[in-house]
Visitor: 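Quick one: this structure, given as structure tokens, is what I'll be asking you about.
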Amino acid sequence: MSSTEYAVGKREVHKELIRLRVNGETREVYIPAHKTLLEVLREDLNLTGTKHGCELGECGTCTVLVDGEPVLSCLALPIELQDRDILTVEGLAERGLAHPLQVAFAELGAAQCGYCTPGILVAAKSLLDGNPRPTRDEIKEGLAGNLCRCTGYVKILEAVELAARRMTRQ
Amino acid sequence: MGNSEGEYSVIGRPLIKVDAMAKVTGETKFADDLSLPRMLHAKILRSPHPHARILSVDTGPAESLPGVHAVLTGRALPITFGILPVSQDEEALAIERVRYVGDPVAAVAALDEETAEAACRLIRVEYEVLPAVMDLDEALRREDVRIHDYGPRGNIHKEVALTFGDVEEGFAEADYVREDAFFYEGSTHLPMEQHAALAACGADGKLCLWSATQTPHYVHRALAKVLELPASHIRVIAMPNGGAFGGKSDPFSHEIVVCKLSMLTGRPVKICLTREEVFYAHRGRHPVQMWFRTGVTRDGRITAMHFRSYLDGGAYGSYGVASLYYTGALQTVTYQVPRYKFEGVRVFTNKPPCGPKRGHGTPQPRCALEVHLDKIAEHLGLDPYEMRRRHLVPPDSVTVNQLRIGTVGLGECLDRVVERSGWKAKHGKLPFGRGIGLAGSAYISGAGLPIYWNALPHSGVQIKIDRGGGVAVFCGSTDIGQGSDSVLAYVAAEELGIEPEDIRVVTADTDLTPVDLGSYSSRVTLMTGNATIEAGRKLKALLFQVAAEKLGVPADRLRAAHRRIFDRDNPAAGMPFVEAAVLAEARFGTLGAVGSYTPPKGLGKYKGAGVGPTPTYSYSAAAVELTVDPETGFIAVDKVWLAHDVGKAINPILVIGQIEGSVYMALGEALMEEQVFRKGVHKIPSMLEYKSPTFLETPEMESILVETLDPAGPYGAKEVGQGVHLPVVPAVLNAISDAVGVRIDEVPASPEKIAKALENKRRGRAPEAPGNGRLPSVVFPEPVVVQPVGG
Amino acid sequence: MMRLPAFRYVAPKSLAEAARMMADAGPDGMFVSGGTDLYPNMKRLQFDPRILVGLRHLPELQGVSGDPRLGMRIGSATPLHQISLHPAIRARYPALAMAAGSVATPQIRRMGTIGGNLCVDTRCNYYNQSYEWRRAIGFCMKRDGDICLVAPGSPRCVAVSSSDTAPVMMALGATVILAGPDGERSLPAAALYHDDGIAYLAKRPEEILTAILLPPGNGLRSTYWKLRRRGSFDFPILGVAASLCLAGDGTCTDARIVLGAVATHPVEAREAAERLLGRRLTPELIEEAAMAAYGPAKPLDNTDLTLAYRKRMTRVFVSRALRELAGFP
């Protein structure tokens, strides 16, 4: 079938029941295989905290963590992620207590429009979980897959450093 | 306006933004995060041709696709619109003609986005392809191919020629006259959030639009016009914008389309543009060819300046007339220019329309001017800093083009970046490959005139106090990430003596909030700030009246701070804010007050004098140190020092945030970003190929705040969102020259251009001319001669 | 929102099952590993398979094993991130660690696999565009059309080989293992690639790239230099992989220089390498070799930056790579 034929919606769609563990909760969704994790989070699970900027893996906005590793939800299929731990920005705070990264981002003004923020926060969490005292260059490398157009990145770097200091002091 | 320094309890403090926690928890709802029961999804079919006549549109097959609820074509929306009253040249969906690849042609509402997209592909449009004009030269040459049937002639959208004073006399007086040409490539805003809008037409026939827009008021007007509904039946709610930078300040096709689809189907309809479509929505930086001729005395004093700009406007008017005037307006507000002539032209081309991007029309001429001055200083053997410093515009003066100057912090900005960057030890003294560059600039703190003529306030604020001490501030302003919601809370809290977290801010909702014209032209802090102060002081007077009686203290000795009203001379004597609120409500009834702000009228009466005036100008200076790899032409920016005359920092965190963001965006433009076309089509409409700098390209930045306490601003504040962008780009170009001795008179200064320039120099070849090598041939009209004020 | 076209996804438990599933799917099927290349391409309708056979979790394709003194084996589904951090690879095959660590972004290096990067679709800025964009400009021969928009006279597609790791594998003399319905075969990395933007792989559609074998890394010096606009996200628009063996007195006993992203396949700069053999590396000799590497680079105007610039940079990057390996500043 040519893409023109595809383009007019002639292909049949099979759905499957998929079990996902998101922010510690097990959720079941009945979805077609081609529905990406980004779409399922936002449209089926109402977790709209995860944003999207291109849906082609070119901006990092839709980053979530899978088993602690940063992954682009726009290019991830739920069918491949059953029994894995998925963490979105909604799962960062624990029992209503904001994660130190969230507090530092708020305090230092690292979120301006706030649109890239959810993806950057989870990417930063993954970075700090693996490297609690990163250098500034390591933070830049760790977050190099996330674009931001508001902040010029400086306040984000400072906020990650501040959060790292607070987390390692505990 | 306001108390003297040191007396503030909120203003000037590094507070967190009122919406910060919502943004870091994912709680903030952006337009595409909304969803309503029975909601349909819309898609727009766009033109595949840069220029064509629409012969027929067959929507039949699309309409019969299961899941499709409505298919819309331009015939259903025949009324044109546009942001400026003088260029109402856009159609929600093209009726007879498409003018760029991506021009909206038809739209579908369906149960899901995939069905809507599939249905769009089933719509058969028959086109007669017309010749396309893809650049300035072609647009000027091909008078036979007219993109619009208005404008003075051919594809000229607007031309302007103004002269202030006798420039020839000035050139005759000069010791040195220099001419330079420049080209500044177009670029786009690239907000991380793609434009999205949701419309719901209720059973009562009333319409509500939630949209990612910077200008809900102007969208409201455009909807009323195109949909032929009373404005009172339309409600526009601007959602928090996920970045905008000017790119969401026009009324857009997709906003009108979802409204119409909702009216047709009786169901909510949502659309979210794809990233590629955002590149087509555009309204970004105009590509501009420029030419400067400036006469100076031996010590660098300007005797006359003649400037020409040629703007490639794209397919529609948008803000273009204002953009054109802005290219010529602000040359005079930094260094003294006693005689000035400006000629400019904006042409239509078959590309997505250009409009306002951060700095609107001024980054291009500012860049050219600051490089031009650098060359003049070099020729005269003067230090570029000293030369600029010596000839600053004096405060409280009037420029030759009749702009009223307030406080001027430019000198201090230059001094501070020179001192902090170690300019004197570095300029001309760093080893080959490393360099430092300097530039100054100015920007408006809000446009003096609204987009459409009216005698109404530009900003309105309403404050209500309830008997529990809760304070709500209502204002039409739109938070696009810059923190305008927070500014409202800070100012209201300052005036009422409470804390910003005690305040609920309700903004950008045409049903609930008084009009604010929108988040453009760096107007919001100054205008909504002043309006909030007015409303706040009215309420404070009521609170003070009841408190004075209760405390037995004269009202003029009372102060409000830290949630108390107390005797300034005996702070122990006081009462909680809540108590005063209860007393005041008992005395006066429900507590509420309004404030509004209208900027002072400009001095100029000539046509075009509406662009440039502002309550006060902000000033900035930048120093950029960088390293050029002479073999590859790659630039590593080592550090940027940016000093900004912000008047008064309402919250230094937000001010520095705007500075750092502007430095970043300016570096993107200086080094890599370009909106370019090939074979009639956008060459790189993607986040991957439209190069915007990442964490790894970001240099160290030092922000320096200069406070001049301008009487026009709230507590003395000026703008910061845009002006700080301006000096960075020319400082980069000047630094490249300092580093490797070649001039790149073009933006972006990409590696290939630098490598080429260095090779030309090595081989003793002449440098390449900026842009396409020569200035377009335009016969400008006879200039309107404007006599200087009092001259 | 850009969405994927509909497909069925099957997850084999073993290599043999994967092969069977692909045989059942026939021309409607495609293998997918990390998906970071295929899914964006599918969203733009450059591919629209009905069935995807997922390889990412197959046990046979996982992990790095072996000893650099004897040679190493890398399973094709090993994430690029893991390769870039692997101690033995970093120590003995640094070019590979550098190339794997330079692909796209941290997220994509965790999702994307070495096999996927070696098989990454050739790229062209007339091709990596949405369906509507390609329709507007006119479809090209790589998908839905029959002409080349870059070189209108060209009888073949000139899309660019854009793998970072492919030139490195060639420079290291690696071998790739392909498993098909008729068993396994091994090819030198160079033989995996064809000089054709469409049929750019020698791998048959039903074959699975299962592993890469690295030869012993003793005495091997290697590096990878990548030209791109930004330090992240961007595909290479020139990649230079170089490997050398130097004798005790500094004489070059073995040399390979491979250029990526300047043709439809990674190109070996043989003449440049030959100039080095049997001679001691000096700055002058390196310049001579770098000049000779200029020839095989045949960039066209279908990536970021101009072709003239990319061609000119070939000399600069080869020179810099060799100077790094020789220990010159």
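Reminder, nothing fancy here: chain letters follow the sequence lines and each chain counts from 1. Basis for what follows: all heavy atoms, side chains included, without hydrogens, waters or symmetry-related copies.
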Visitor: Is chain C contacted by the side chain of A/C59, its backbone, both, or neither, given a heavy-atom distance below 4.5 Å?
Guide: backbone
Visitor: Looking at C/R56, C/Q107, C/M2, C/R109, which one has more heavy-atom pairs under 4.5 Å with chain A than the rest?
Guide: C/Q107
Visitor: If you measure from NZ on C/K142 to OH on C/Y127, what distance do you get to the nearest 0.5 Å?
Guide: 4.0 Å
Visitor: Return the option, out of C/R44, C/M1, C/K43, with the maximum number of heavy-atom pairs under 4.5 Å with chain A.
Guide: C/M1
Visitor: Using a strict cut-off of less than 4.0 Å between a Lys/Arg side-chain nitrogen and an Asp/Glu carboxylate oxygen, indicate whether C/R143 and C/D48 qualify as a salt bridge.
Guide: yes
Visitor: Could you check whether C/F139 and C/Y131 have their ring centres less than 6.0 Å apart?
Guide: yes
Visitor: Can you tell me which of A/V71, A/L38, A/L143, A/V13 forms the most heavy-atom pairs within a distance under 4.5 Å of chain C?
Guide: A/V71
Visitor: Need one label for C/P49: side chain, backbone, both or neither, based on atoms under 4.5 Å from any heavy atom in chain A.
Guide: backbone
Visitor: So, C/E17 side chain and C/K13 main chain: donor-acceptor pair closer than 3.5 Å or not?
Guide: yes
Visitor: Side chain from CB out, backbone as N, CA, C, O: work out which of these in C/M111 comes under 4.5 Å of a heavy atom of chain A, or both, or neither.
Guide: side chain
Visitor: Please tell me whether C/D121 and C/Q46 have a donor and an acceptor in their side chains that are separated by less than 3.5 angstrom.
Guide: no
Visitor: Pick one of side chain, backbone, both or neither for C/R135, based on which atoms fall under 4.5 Å of a heavy atom in chain A.
Guide: neither
